[in-house]
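One-based numbering, in listed order, for ligands and for the atoms of each.
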Amino acid sequence: MSASVVLQQAREFAAAELVGRQALLDSFADAPLPLYRSFADLGLANWWLPADVGGLAIGLEGSVGVVSELSYGDAGAAFTLFLSVLGTTIVDLYGSPELRKRYLAPLAADGGFCATLGSEHEAGSELTRMSTSAARHGDDIVLNGEKSFSTNVAFADFLVVVAKSADAPGEHVAVVVDRDTPGVQVVKRWEMLGLRSSATYQVRFADCRVPAANLLAGPGIRLLEVALNASRTLIATTAVGVARRIRDLCMDYAETKTVQGAPLVGHPVFGGKLGQIEMQIEVMANQCAAAGRRFDQIMAGPAAADEFLRHGTLRAALAAKMFCGQAGWEIAGVGSEMFGGFGYTRESDIGKLLRDMRYVSLVEGGDDVTRDLIFNRYVIPVMKRV
Ligand SMILES: Cc1cc2nc3c(=O)[nH]c(=O)nc-3n(C[C@H](O)[C@H](O)[C@H](O)COP(=O)(O)OP(=O)(O)OC[C@H]3O[C@@H](n4cnc5c(N)ncnc54)[C@H](O)[C@@H]3O)c2cc1C
């Protein structure tokens, strides 16, 4: 399936299955797995996986279009369907040929999910302070500790866990864990304000034993940082889809709402607001595409895994997430105000879009953290400045 066909199918899926289904998607019922199954039945699940494991091999730039379409329908569904990119990118780049085949091929063939576990309550964004430990016992690794947030864990096929090494102080590892391994315990599902069709959990590892062959090659936190380039770009992209939906909702409303005896849509103040929103959407979409292109460019190189390790976090991906989070939040504010008091009720669609938009600036690094990263990695080293 070509990138343009995947894009078209994602657009049709969003129109048929997501738009207008707020009652289901915002309800915080069990994650709507039959809906996600129907996406997989179209052959679209995990569309980014590489061709050598049977995937559609849609690059990150192509994925930006797909995620914009899915998020136009529902940001929580989009998040659920793309977040496996975080763990699968680590396995793709740093897994042995055996691990790539065993874990990625089934996800390409049948759909399914991979969850990634980095965050912990005490450590916060200072991942080096994480306390979940991985200890070598003969041919096995034994995991112990608690991860505060992990999306898709309950129904994932496998997990990618980042933990501190119990054997080499100051070092961290990343390891693949089958979801049904004894000792993987889901503590609870968090009730999130937005993205309520997605599901994020607190997870405990209690003497969880996995083969040492499941270790991924390289320093765990750096591997996570590399793969965050993909998921941060797609988190940024959800802001584009949600912003496009807000724009269209505002246009529909302004055609029926009258102000000073005329439809709001003809009022210059309204036109100014929508012109501003369109400009922001254009810049947001372009930055996400640029971040996707940069990632694809490295991925296409002869030594992508090493090249990514040298770069770590990419400026384009950080800029996309920060800019889209900020511009998206501004757009959500304008949209919310547009509907007057009705916009503040649960009966309006705009309230959900506002709550969904909020996550862009929070997940995978709040703005204080991403600003700090850009400053340290791309401003202090003079040769890296644009
Ligand atoms: C819906 C959702 C899904 C998630 N899914 C996953 C998942 O699948 N896997 C996973 O591992 N995690 C996941 N997370 C966790 C998420 O990535 C983190 O919550 C996020 O990165 C923020 O980190 P934190 O919660 O540790 O807060 P912190 O980053 O610790 O922030 C708390 C406060 O400290 C401040 N602060 C922190 N560092 C700095 C700094 N350097 N400079 C200045 N101020 C700073 C912040 O600004 C903030 O005010 C998810 C979270 C949510 C809400």
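Screening residues 82-92 for side chain to side chain donor-acceptor pair (under 3.5 Å) gives Trp48-Thr88, Asp92-Arg100 as the qualifying pairs, with residues at least two apart or on separate chains.
At a threshold of 4.0 Å, the pair Arg179-Asp157 does not count as salt-bridged, since none of the basic side-chain nitrogens sits closer than that to a carboxylate oxygen. With respect to the salt-bridge test (charged N to carboxylate O, under 4.0 angstrom), the residues Lys321 and Glu364 do not qualify.
At a 4.0 Å heavy-atom cut-off, ligand 1 touches Thr200 through the side chain alone. Residue Asp367 does not touch ligand 1, judged by heavy-atom distances below 4.0 Å. Residue Leu362 touches ligand 1 through its backbone alone, judged by heavy-atom distances below 4.0 Å.
Here the protein heavy atom with the shortest distance to atom 47 (O) of ligand 1 is Asp368 OD2, 2.6 Å. Protein heavy atom nearest atom 52 (C) of ligand 1, with residue, atom name and distance: Val363 CG2, 3.4 Å. Looking only at protein heavy atoms, the nearest one to atom 29 (O) of ligand 1 is Ser125 OG, 2.3 Å. Atom 37 (C) of ligand 1 has its closest protein heavy atom at Val369 CG2, 3.7 Å.
Using a non-hydrogen distance threshold of 4.0 Å, Gly365 registers as a contact of ligand 1.
To the nearest 0.5 Å, atoms CD (Gln185) and OH (Tyr201) are separated by 15.5 Å.
Within the set Thr151, Val203, Asp372, Val161, the minimum heavy-atom distance to atom 4 (C) of ligand 1 is found for Thr151.
Considering backbone and side-chain N/O of Phe149, one or more are found under 3.5 Å from N/O of ligand 1.
For Arg385, the CZ atom sits in a packed shell: over 12 heavy atoms of surrounding residues, nucleotides or ligands are nearer than 6.0 Å. Around CD of Glu98, the count of heavy atoms belonging to other residues, nucleotides or ligands within 6.0 Å exceeds 12.
In this structure, Trp190 shares a hydrophobic cluster with Phe149, Met192, the cluster being traced through Ile, Leu, Val, Met, Phe, Trp and Tyr side chains under 4.5 angstrom apart.
Cluster annotation: Leu33 is connected to Leu83 through the hydrophobic network of ILVMFWY side chains, with a link wherever side-chain heavy atoms come within less than 4.5 Å.
Residue Ser150 has at least one heavy-atom neighbour below 4.0 Å for each of these atoms of ligand 1: 7 (C), 8 (O), 9 (N).
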